[in-house]
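As a basis for the values below, the full set of heavy atoms in this structure was taken, side chains included, without hydrogen atoms, waters or symmetry mates.
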Amino acid sequence: MATDGGSYTASDITVLEGLEPVRLRPGMYIGSTGPTGLHHLVWEIVDNAVDEAMAGYCTRIDVTLLPDGGCRVQDNGRGIPVDPHPQYPDRSAAEIVYTTLHAGGKFGGAGYKVSGGLHGVGASVVNALSSRLVLEIDRDGKHHVMEFVNGGEIKVPLEVTGDAPRGRTGTTVTFWPDPTIFEEVDFRAQTVTERLQVMAFLNRGLEIRFSDERPDGEKKEVFKYNGGIVDYVKHLNASKESLFRKVGSYQQSEENQEVEVALQWNTGFNESIFSFANGISTIEGGMHEEGFKKALTNVVNRYARSRNLVKEKEENLDGKDIREGLTAIVSVRLKDPQFEGQTKAKLGNVPIRSLVERATNEKLAEWMEENPTEANQVVKKSLLAQRARVAAQQARDLTRRKSGLDGAGLPGKLIDCSSRDRRECELFIVEGNSAGSSAKDARDPRTQAILPIRGKILNVERARIDKMLKNAEIQALIAAIGAGLGEDFDVTKIRYNKVIVLADADVDGSHIRTLLLTFFFRQMKPLVEGGFVYVAQPPLYSTLVGREKVYLKDDAAKDAFLAEHPDHRHEFQRLKGLGEMNFNELRDTTIDPTKRSLLQISVEQAALADDVCSVLMGDDVELRRHFIQTNAKDVRFLDI
């Protein structure tokens with residue numbers, strides 16, 4: 001160790017001023033500099049407009065993707081205040097909001113009663129990460145304009161440029177993401193519209209208009225739902241067969257908090273409860289979801305016993321049995337939401353639990369009394385689920401006993417790795433035995449395990465757990481990953497840090513990938529949510545550059561390669577299926593960590609993932625055809 005070690009004095013302490021910390025560490029504020037972070041900029045500005053709607057001052061929001069790569073968000077709310085700020089008399093409130101972290105009308109005071117943008121960094125972070133931002137405010141009969149460049153430098157100070165058009169009020173923000181910070185600056189229209197649709201569902205009567213003015217775009221959509229979350233439940237269940245036509249709904253409010261719930265059962269086996277707090281999706285649930293689940297179990301059991309559908313000596317229905325096939329939206333609004341972490345994935349306010357519990361105990365009980373036909377169907381479905389759960393438990397116990405007899409309990413065809421440090425271990429799920437043997441030769445035996453699976457696994461979207469557990473391929477998957485299944489799944493017990501699906505780049509391979517991802521999403525959800533599931537992307541082409549072989553992922557990569565090498569003379573070799581690749585090719589293209597291309601599977605929009613799983617893997621053929629036709633233009637990996 002050096003003793004003089006250079007000086008370390010007060011002058012070595014760096015103070016990051018203004019918006020510098022955001023540009024230096026963007027990931028801390030928006031999660032990443034990839035597509036997720038890029039779209040986060042849009043959400044931050046839209047959330048501010050939605051806050052105006054929640055406060056009762058805004059009825060319409062327009063989001064436009066501009067031909068030059070910018071994004072414009074316009075609302076007809078009150079407009080950001082333009083008067084001097086009490087703490088900084090020489091600066092307007094609007095300037096403070098866009099140039100200072102943790103500034104906004106959401107930290108107390110009477111600006112907003114409830115809001116989603118809790119951390120107060122939204123507008124200023126968007127400014128910090130944009131090469132240019134134009135702020136227009138219509139307020140007090142005047143049109144004000146302010147412009148920033150290079151991440152927040154003021155180019156044009158706030159000035160009045162004339163009267164507000166037709167006396168309108170509101171805020172218009174136009175920004176251009178900084179290409180030196182983001183990996184890509186192209187917004188994806190579908191990602192934006194999906195999010196806007198959810199915001200419209202959660203804010204009954206709010207009109208959100210979307211327009212894509214880019215050359216290839218030409219997409220316009222209007223979202224407005226006078227039924228609010230009741231319409232949301234109908235939308236989610238459209239891809240499923242609902243148990244009855246009615247959607248139950250109720251709401252209750254107290255001084256600083258309110259809850260709204262909509263629910264409907266379908267004939268499927270999956271529970272789909274989606275909770276929101278101040279319009280923010282709480283993927284990890286929280287107090288509001290806890291209160292709803294507890295009260296739902298109580299209400300259905302009380303009803304079942306009062307109607308003698310569950311006899312005196314029979315045990316109560318379990319919450320899981322009641323929630324089988326349930327689609328529900330639990331939306332709460334409250335004054336000071338305590339979110340766990342910047343990602344706002346879990347709500348921690350204890351008082352909201354008792355409000356949701358009370359509302360469900362009273363209002364849902366009333367709904368069941370008023371709708372006995374539907375209530376009886378719910379109880380009958382729950383009783384069937386209870387019987388299936390008992391059968392599944394017996395099948396599970398049998399599986400466990402079997403694996404106990406088999407010694408280590410690992411499937412015979414698993415070619416395991418020697419390392420016992422989970423953090424460095426990877427499991428490749430490989431389609432077909434021949435591909436499995438190539439992968440075995442290509443792998444690093446210390447850290448990489450191979451599990452070959454034969455043919456297409458069971459479609460779990462259409463099967464109950466007891467049927468799943470009789471399927472040999474699914475048994476092998478459960479045993480290899482080692483963390484259980486469904487409600488018993490314990491993500492801390494997984495044996496590998498990466499579970500990689502390795503299938504051919506053809507139609508059959510895509511089907512197998514979809515079946516496996518459906519299985520993980522439905523039965524090992526924490527594995528997907530934790531970012532442990534990956535899809536290997538075997539390249540479609542190879543070609544020679546000099547003596548070196550270059551692999552190209554898809555047609556887009558091939559076009560880009562030809563653009564860079566216009567004089568390339570060698571032909572492009574179309575790569576065969578995994579089983580036909582020799583182990584050198586397999587190692588270089590998909591298994592070697594230094595050369596391969598992996599796609600991490602994430603669940604940002606749980607409701608959307610649930611819906612797509614139901615459409616693609618469910619029974620409704622018409623709906624599936626419509627989905628494929630609608631999304632055909634957006635496919636990026638297609639093998640014909």
Side-chain angles (χ1 to χ4, degrees), residues 395-458 460 465 468-486 488-504 509 512-513 515-528 530 532-536 538 577-579 581 583 586-587 590-593 596 598 601:
R396 259 201 209 102
D397 292 343
L398 188 65
T399 308
R400 285 194 194 118
R401 278 202 298 279
K402 266 190 194 165
S403 60
L405 296 170
D406 292 349
L410 290 174
K413 55 185 172 180
L414 173 71
I415 305 152
D416 210 359
C417 52
S418 57
S419 169
R420 288 290 162 262
D421 181 356
R422 185 195 99 182
R423 289 168 301 179
E424 61 178 5
C425 292
E426 302 177 342
L427 173 67
F428 285 87
I429 299 166
V430 186
E431 158 205 357
N433 288 337
S434 53
S437 58
S438 303
K440 179 187 173 185
D441 295 334
R443 73 184 181 130
D444 173 354
R446 197 177 73 77
T447 59
Q448 294 178 323
I450 309 289
L451 179 67
I453 56 168
R454 273 214 321 274
K456 293 176 181 174
I457 71 159
L458 184 73
V460 301
I465 236 168
M468 277 178 230
L469 288 164
K470 290 174 187 162
N471 182 283
E473 305 303 325
I474 283 181
Q475 277 185 359
L477 279 169
I478 297 165
I481 292 166
L485 182 74
D488 299 338
F489 188 80
D490 181 356
V491 78
T492 61
K493 291 183 180 171
I494 57 173
R495 300 178 62 249
Y496 308 94
N497 212 43
K498 285 191 174 78
V499 175
I500 302 165
V501 178
L502 184 53
D504 284 341
I512 288 165
R513 256 195 309 277
L515 287 165
L516 281 164
L517 293 178
T518 304
F519 171 69
F520 290 137
F521 179 69
R522 291 297 190 204
Q523 298 300 330
M524 298 184 176
K525 204 168 185 181
L527 193 71
V528 184
F532 299 109
V533 179
Y534 295 79
V535 169
L578 296 172
M581 280 190 195
F583 77 90
L586 196 60
R587 182 187 61 218
T590 40
I591 290 186
D592 183 347
R596 71 192 179 192
L598 292 183
I601 305 298

[X] [atom1] to [Y] [atom2] distance, which is reported to the nearest 0.5 Å:
X    : Y    : atom1 : atom2 : result
I429 : L451 : CD1   : CG    : 6.5 Å
I591 : R443 : CD1   : CZ    : 9.5 Å
D490 : L485 : CG    : CG    : 13.0 Å
L502 : I450 : CG    : CD1   : 7.5 Å
L427 : F532 : CG    : CZ    : 13.5 Å
C425 : K498 : SG    : NZ    : 11.0 Å

A side-chain contact here means heavy atoms from C-beta on lying under 4.5 Å apart; do [X] and [Y] qualify?
X    : Y    : result
P593 : Q448 : yes
I478 : M524 : yes
V535 : L517 : yes
Y496 : L527 : no
E473 : K413 : yes

Which atoms form the tightest heavy-atom contact between R422 and V491, and what is the distance?
->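 Between these two residues, the closest heavy atoms are NH1-O, 3.8 Å.
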Heavy-atom pair of closest approach, residues A449 and C417 |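 Looks like CB-N, 3.8 Å.
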When you look at K525 and F489, which way does the side chain to side chain contact (heavy atoms under 4.5 Å, CB included) test go after all the steps?
-> CA-CA 8 Å; K525 204 168 185 181; F489 188 80; over 6 Å; no
For the side chain of Q523 and the backbone of F519, is there at least one donor-acceptor N/O pair under 3.5 Å apart?
->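 No, the answer is negative, given that no donor and acceptor are paired below the 3.5 Å cut-off.
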Give the intermediate values and the outcome of side chain to side chain contact (heavy atoms under 4.5 Å, CB included) for residues F520 and V501.
-> CA-CA 11 Å; F520 290 137; V501 178; 4.1 Å; yes
Quick one: do I500 and R596 satisfy side chain to side chain contact (heavy atoms under 4.5 Å, CB included)? Show the steps, please.
-> CA-CA 12 Å; I500 302 165; R596 71 192 179 192; 4.1 Å; yes
Around atom CZ of R423, are there more than 12 heavy atoms of other residues, nucleotides or ligands at under 6.0 Å?
->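 Atom CZ in R423 is not crowded, with 12 or fewer foreign heavy atoms closer than 6.0 Å.
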Side chain to side chain contact (heavy atoms under 4.5 Å, CB included) assessment of V499 paired with I494 = CA-CA 10 Å; V499 175; I494 57 173; over 6 Å; no
